[in-house]
Trainee: 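Before anything else, here's the structure in question.
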Protein chains: 4
Amino acid sequence: MAKTAARAEPRKRPSQARSAATVAAMVEAAARIIEVRGWAALTTNHVAELSGVSIGSLYQYFPSKEALLAELVRRERAMLLHDVGLAMALEGELPLAIEQGVMAGLAHQFRRPALALALESAPSSPSLQHEDDALRHALAGQLAGLLARHGVADPDMAAADVIALCRGIIDAAALRGETDMASLARRLGRAVHGYLDTAGPASEAAASA
Amino acid sequence: MAKTAARAEPRKRPSQARSAATVAAMVEAAARIIEVRGWAALTTNHVAELSGVSIGSLYQYFPSKEALLAELVRRERAMLLHDVGLAMALEGELPLAIEQGVMAGLAHQFRRPALALALESAPSSPSLQHEDDALRHALAGQLAGLLARHGVADPDMAAADVIALCRGIIDAAALRGETDMASLARRLGRAVHGYLDTAGPASEAAASA
Amino acid sequence: MAKTAARAEPRKRPSQARSAATVAAMVEAAARIIEVRGWAALTTNHVAELSGVSIGSLYQYFPSKEALLAELVRRERAMLLHDVGLAMALEGELPLAIEQGVMAGLAHQFRRPALALALESAPSSPSLQHEDDALRHALAGQLAGLLARHGVADPDMAAADVIALCRGIIDAAALRGETDMASLARRLGRAVHGYLDTAGPASEAAASA
Amino acid sequence: MAKTAARAEPRKRPSQARSAATVAAMVEAAARIIEVRGWAALTTNHVAELSGVSIGSLYQYFPSKEALLAELVRRERAMLLHDVGLAMALEGELPLAIEQGVMAGLAHQFRRPALALALESAPSSPSLQHEDDALRHALAGQLAGLLARHGVADPDMAAADVIALCRGIIDAAALRGETDMASLARRLGRAVHGYLDTAGPASEAAASA
DNA sequence: TATGAATGAGACTTCATTCAT
DNA sequence: AATGAATGAAGTCTCATTCAT
């Protein structure tokens, strides 16, 4: 009858090799369930079964279903951030850097399209919300830095918009089942450059520089 | 949880005024619950209570919770389509027509922001999926027609992308709690025109006009 | 994933005859399980099964297991209070009134000895605690009033002690399996009168009056 | 929950100093958990953690949770018996000896009030029941001997009643949070002497002897 | 037709206990 | 002997749906 507040952090960091494998297996099982059978099928018992672990073990590593989900989101976010960060860090012209970043994002989405798509509409919850915000901020931060260095006006908002419009286009394409990454990349480039170049009077000079 | 093959269509077309009012009350109750307390709070019993109808009656009008939800989505979709269609139908230049359409979409989102936002991440289900696809198609069709009439290349894809990027930007803004419709409208204009103008070689002439 | 705070009050007052019967059946089932198989066997599923009701129904009337338990305690308390109150209300000499009260308490304990005994050590919880305190207070209040009217010194504490020592003796006797109510009544009388008569100097006059 | 026939005896008598310390640590940890956080928090894993021992080790010394609990009760009982026995063994008048005993009991209760109180309502189980009976018998035996030597009629029953009424008063006082040991001692004395002196005709002579 | 009591599958989570290392 | 990861039965509670009145 005693209820402790549900934490979203893992209960214990897997210290042994075996544990790490167990945790990874559970997170991956969750991912597979979500992408194959949807949110409704994501039950802790199902995750335990699919990962070949007992339900008790699941709860030894995650204090709640929510925490497991948060870990999955964290994992995907880390991958995306890493790839995009790397891509944009390559020195070069602004358009090139952006293109690299967009391509990295696209690649991420196309690696596991169903999963990426599903994670966009996770059941809202404080911890998930937090993970999502963190992703958005980190990504926006990276891009904003790049834009600022190239003299784009209001780089924070511009970064947020660029990311948002990319997400919009990519998600819609994924939902339609598009698989032509090249076409998508081209259109994304158009959208991003169009947005950045079609600037108000104040930033015209900077953008054309 | 006895599940019979769940139909998503209302069980009966409201033929009497009273029925129509009842159905409307239930759909509106669902909308209010979703926007005020989130998806998790959307239970059929709750909907029945809030709409002043018994749970038994609810199931006389809707064969399942899913059908109720589909009806809500249908209702919102109809409103959006109507507004956007009207806005874009106003004769005028391309940029103006588009701006009208974008403004209509924005207005829709700002009428009930929480609801609009929540409906973007409805629990996926065949019928909901279908409703959503229908919306997308209808909207894209309207816009594609407009673009085609103005000689834009590949109008279907362009329409889809324009709608998608607008959704992306608007949703992200809503999520951040932005309330400045004017700023949003300006940025959306930038994004849309940027996308349409920054064209490949084939449409360069149009873009430079 | 949404947890509301567990109330101890019944969820809805049974308004129809059928409901009232259902509620009574559940409370009685709980009583029987506790007295026959002990606290460990008191599970909501078990209660539902024994009362011939579905688990869903149980939770329609009680928001939690705790609330069901509280209702049982409340029921027993009401009976005890009613009997003891009636017994002590009979006009007469102090010793006689007390004897009546003690006999009423004894009778209560002997009606369902195992239940009465078990309820003494209910798993502590806020609501149960509250019910128990209420019983103690009500009983002590009744007795304190009686004692005060007969000039006993410090009637509140005396009442509390008298009740406590009676409970102690009765419980121990019940635990040993004593069944001779007459003997028990005699000893209780001795204990109570002994306590009240063997007073400190201050109240000697009053007690002997 | 694989349940083998649970023994209540410790699995092995601690033959080495280290083992004894380990066992003591676990028992004390259990005591602390019970008094600080209540019965609901008493889990074997929690006990192991608090006592700095692995759960595996705990089960090497105790075959079950119940056995651990029994050992705790045994420990407390031994202390109480030792103190009360010593106190009553002091030669002297009957009233004095009894007063000593009562004081010893009170002192025990006040040493760790929360623990003493909690142990009164331990989850019933065969082995716990047995420990409790043993305590009662031993205590009653000691007191009965004393009473018999002083010619009190029906000393066994009198002893049982005296102990029971003391427990009743003490527990109720503890539950109310009383801390005035002196007042409590005075009232206990009244109750005990009252009970012993207010005898039926048959034992009046004996009591006054 | 409307009502709302009743249903019950199944979700999440805990915790006593085992056993490979 | 000690460790602690793993187990899984079982408990509490929810909610979509049915059906007697």
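We name chains A, B, ... by the order of the sequence lines, and we start the count at 1 in each one.
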Trainee: Grab the CD1-P distance between A/Ile55 and F/dG11 for me, whole Å please.
Mentor: 17 Å
Trainee: Is A/Glu71 salt-bridged to A/Arg75, going by a charged N under 4.0 Å from an acidic O?
Mentor: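 Salt bridge absent between A/Glu71 and A/Arg75.
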Trainee: Would you mind telling me which of E/dT18, E/dC12, F/dA16 lies closest to the side-chain atoms of B/Lys65?
Mentor: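 Given the options E/dT18, E/dC12, F/dA16, the side chain of B/Lys65 is closest to F/dA16.
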Trainee: What's the CD-C1' distance between C/Glu49 and E/dG8, to the nearest Å?
Mentor: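 One finds 13 Å between C1' of E/dG8 and CD of C/Glu49, rounded.
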Trainee: The side chain of B/Gln60 lies closest to which of these nucleotides: E/dT3, F/dT3, E/dT7?
Mentor: E/dT3
Trainee: Can you identify which nucleotide, out of F/dT17, F/dG4, F/dT7, has its nearest atom closest to the A/Val53 side chain?
Mentor: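 From the listed options, F/dT7 comes nearest.
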Trainee: Quick check on DNA chain F: between B/Gly56 and A/Leu58, whose nearest nucleotide comes earlier from the 5' end?
Mentor: A/Leu58
Trainee: Quick one: are C/Arg32 and C/Arg112 in side-chain contact, heavy atoms under 4.5 Å?
Mentor: yes
Trainee: Please give, in whole Å, the distance from F/dT12 P to C/His46 NE2?
Mentor: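 Rounded to the whole Å, the gap is 11 Å.
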Trainee: Just to confirm, is there a sub-4.0 Å distance from OP1 or OP2 of E/dT17 to any side-chain nitrogen or oxygen of D/Tyr59?
Mentor: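 So the side-chain polar atoms of D/Tyr59 do come within 4.0 Å of the phosphate oxygens OP1 or OP2 of E/dT17, strictly under.
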Trainee: Could you please name the partner base of F/dC13, counting Watson-Crick and G-U wobble pairs only when both distances are under 3.5 Å?
Mentor: E/dG10
Trainee: Return the nucleotide paired to F/dT21: Watson-Crick means purine N1 to pyrimidine N3 with N6-O4 or O6-N4, wobble means G-U with N1-O2 and O6-N3, both under 3.5 Å.
Mentor: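 With both distances under 3.5 Å, F/dT21 matches E/dA2.
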Trainee: Find the distance B/Asn45:CG to F/dC13:C1' and express it as a whole number of Å.
Mentor: 15 Å
Trainee: Without decimals, in angstroms, what is the distance between D/Leu50 CG and E/dC15 C1'?
Mentor: 17 Å
Trainee: For D/Arg37 and E/dC15, give me the distance from atom CZ to atom C1', rounded to whole Å.
Mentor: 14 Å
Trainee: So, is C/Thr22 near the phosphate of E/dA6, with a side-chain N or O under 4.0 Å from OP1 or OP2?
Mentor: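 So the side chain of C/Thr22 is within the cut-off, an N or O lying under 4.0 Å from OP1 or OP2 of E/dA6.
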Trainee: Does any non-hydrogen side-chain atom of D/Trp39 lie less than 4.5 Å from one of C/Pro123?
Mentor: no
Trainee: Does C/Thr44 place a side-chain N or O at less than 4.0 Å from the phosphate oxygens OP1/OP2 of F/dT12?
Mentor: yes
Trainee: I want to check something: taking the side chain as every heavy atom from C-beta on, are D/Phe62 and D/Leu69 in contact at a cut-off of under 4.5 Å?
Mentor: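 Not in contact.
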Trainee: To the nearest angstrom, how far is C/Leu42 atom CG from F/dT12 atom C1'?
Mentor: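 To the nearest whole Å, that distance equals 12 Å.
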Trainee: Can a side chain N or O of D/Tyr61 be found less than 4.0 Å away from OP1 or OP2 on F/dA2?
Mentor: yes
Trainee: To the nearest Å, give me how far apart CZ (B/Phe62) and P (F/dT18) are.
Mentor: 16 Å
Trainee: With heavy-atom distances below 4.5 Å as the criterion, would you say the side chains of C/Leu42 and C/Lys65 are in contact?
Mentor: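 Contact flag for C/Leu42/C/Lys65 side chains = yes.
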Trainee: Taking only N and O in the side chain of C/Ser57, is any of them less than 4.0 Å away from OP1 or OP2 of E/dA5?
Mentor: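 For E/dA5, OP1/OP2 do not have a side-chain N/O of C/Ser57 under 4.0 Å.
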